[in-house]
Trainee: 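Handing you a structure now.
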Amino acid sequence: MDLNSVTKKYDNGEITVVWKPGVCIHSKKCWTGLPKVFNPQVKPWVNISGADTEAIIAQVDKCPSGALSYFRNEQVREEIPATPASAKIEVTKNGPLLIHGDIIVQHKDGNESIHSKVTAFCRCGQSGNKPFCDGTHRKCGFKDE
């Protein structure tokens with residue numbers, strides 16, 4: 001199964017939390033910050049009724065990779081523009097490149113994928129989900145030179 005194509009949605013009536021496991025860099029911020037909602041020890045790992053909507057939104061906003069996002073159910077989601085307006089590139093210490101903003105990634109097979117908010121790209125060369133970071137840099141001891 002290609003994790004880049006997997007998207008899971010969890011709805012509490014007010015918001016829908018969207019999880020893209022192929023983008024996750026396993027920073028643990030979600031489940032250490034709000035363990036009653038995000039618990040990788042149980043299935044499904046997201047308990048959308050574990051906290052109020054505002055607490056969930058605040059925690060999802062802390063996701064450094066953009067693997068977790070949300071939308072309010074009453075709002076109509078706008079499509080990401082075909083051409084990114086702007087992006088910021090952040091080089092993290094001993095970790096991935098974080099691209100903040102709306103981007104289109106053209107893969108080596110010619111397919112394109114659209115990413116918004118934050119996208120993490122591998123710098124260590126060891127990711128099992130290239131070009132995206134999967135957190136392997138911690139296991140292989142990647143350090144900035």
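None of these values were measured; they are calculated from a predicted model. In this chain, residues are counted from 1 in sequence order.
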Trainee: Quick one: are I57 and Y70 in side-chain contact, heavy atoms under 4.5 Å?
Mentor: yes
Trainee: Examine the side chains of N73 and D11 and answer whether a donor and an acceptor come within less than 3.5 Å of each other.
Mentor: yes
Trainee: Please name the residue in the list T32, V60, N47 that meets the side chain to side chain contact (heavy atoms under 4.5 Å, CB included) test with F38.
Mentor: V60
Trainee: Quick one: are H107 and P131 in side-chain contact, heavy atoms under 4.5 Å?
Mentor: yes
Trainee: What's the shortest heavy-atom distance between L34 and A55, and which atoms?
Mentor: CD2-O, 3.7 Å
Trainee: Within the 4.5 Å heavy-atom criterion, are C30 and W45 side-chain neighbours or not?
Mentor: yes
Trainee: Would you please test Y10 and W19 for ring pair (Phe, Tyr, Trp, His ring centres under 6.0 Å) and show each step?
Mentor: CA-CA 8 Å; Y10 306 91; W19 177 49; 7.2 Å; no
Trainee: Tell me the closest heavy-atom pair linking I99 and A87, and the distance in Å.
Mentor: CG2-CB, 4.0 Å
Trainee: Would you say the side-chain atoms of S127 pair up with the backbone N or O of C122, donor to acceptor, closer than 3.5 Å?
Mentor: no
Trainee: Is the backbone of K29 close enough, under 3.5 Å, to the side chain of Q59 for a donor and an acceptor to pair up by distance?
Mentor: yes
Trainee: Quick check: does any side chain N or O of N129 sit under 3.5 Å from a backbone N or O of G22, one acting as donor and the other as acceptor?
Mentor: yes
Trainee: Verify, without hydrogens or angle tests, whether K8 (side chain) and V18 (backbone) share a donor-acceptor contact under 3.5 angstrom.
Mentor: no
Trainee: Would a hydrophobic clustering, with Ile, Leu, Val, Met, Phe, Trp and Tyr connected at side-chain separations under 4.5 Å, put V91 with I103?
Mentor: yes
Trainee: What's the separation between atom OG in S69 and atom NZ in K20, rounded to the nearest 0.5 Å?
Mentor: 6.0 Å
Trainee: Are I114 and V118 co-members of a hydrophobic cluster defined by side-chain heavy atoms under 4.5 Å apart?
Mentor: no
Trainee: Do F71 and T16 come within less than 4.5 Å of each other through their side chains, counting heavy atoms only?
Mentor: yes
Trainee: Would you name the heavy atoms of I56 and I48 that are closest together and state the gap between them?
Mentor: CD1-O, 3.3 Å
Trainee: Measuring from H26:NE2 to C133:SG, what's the distance to the nearest 0.5 Å?
Mentor: 8.5 Å
Trainee: Between H115 and F121, does the ring pair (Phe, Tyr, Trp, His ring centres under 6.0 Å) criterion hold? Intermediate values first, please.
Mentor: CA-CA 12 Å; H115 301 266; F121 287 95; 7.3 Å; no
Trainee: Please tell me whether Q126 and H137 have a donor and an acceptor in their side chains that are separated by less than 3.5 angstrom.
Mentor: no
Trainee: Can you find a side-chain donor-acceptor pair between N94 and T92 that sits under 3.5 Å?
Mentor: no
Trainee: Establish, from distance only, whether the side-chain atoms of T136 and D134 form a donor-acceptor pair under 3.5 Å.
Mentor: yes
Trainee: When rounded to the nearest 0.5 angstrom, what distance separates SG in C124 from CG in D144?
Mentor: 11.5 Å
Trainee: Enter the distance from D61:CG to K117:NZ here, rounded to the nearest 0.5 Å.
Mentor: 5.0 Å
Trainee: Checking the side chain of N12 only, and the main-chain atoms of T53 only, is there a donor and an acceptor separated by less than 3.5 Å?
Mentor: no
Trainee: Assigning hydrophobic clusters by single linkage (Ile, Leu, Val, Met, Phe, Trp, Tyr; side-chain heavy-atom cutoff under 4.5 Å), is F142 placed with F132?
Mentor: no
Trainee: For the residue pair I25 and P96, what are the closest heavy atoms and their distance?
Mentor: CD1-CG, 4.3 Å
Trainee: Considering only NZ, NE, NH1 and NH2 on the basic side and carboxylate oxygens on the acidic side, decide whether E90 and R123 come within less than 4.0 Å.
Mentor: no
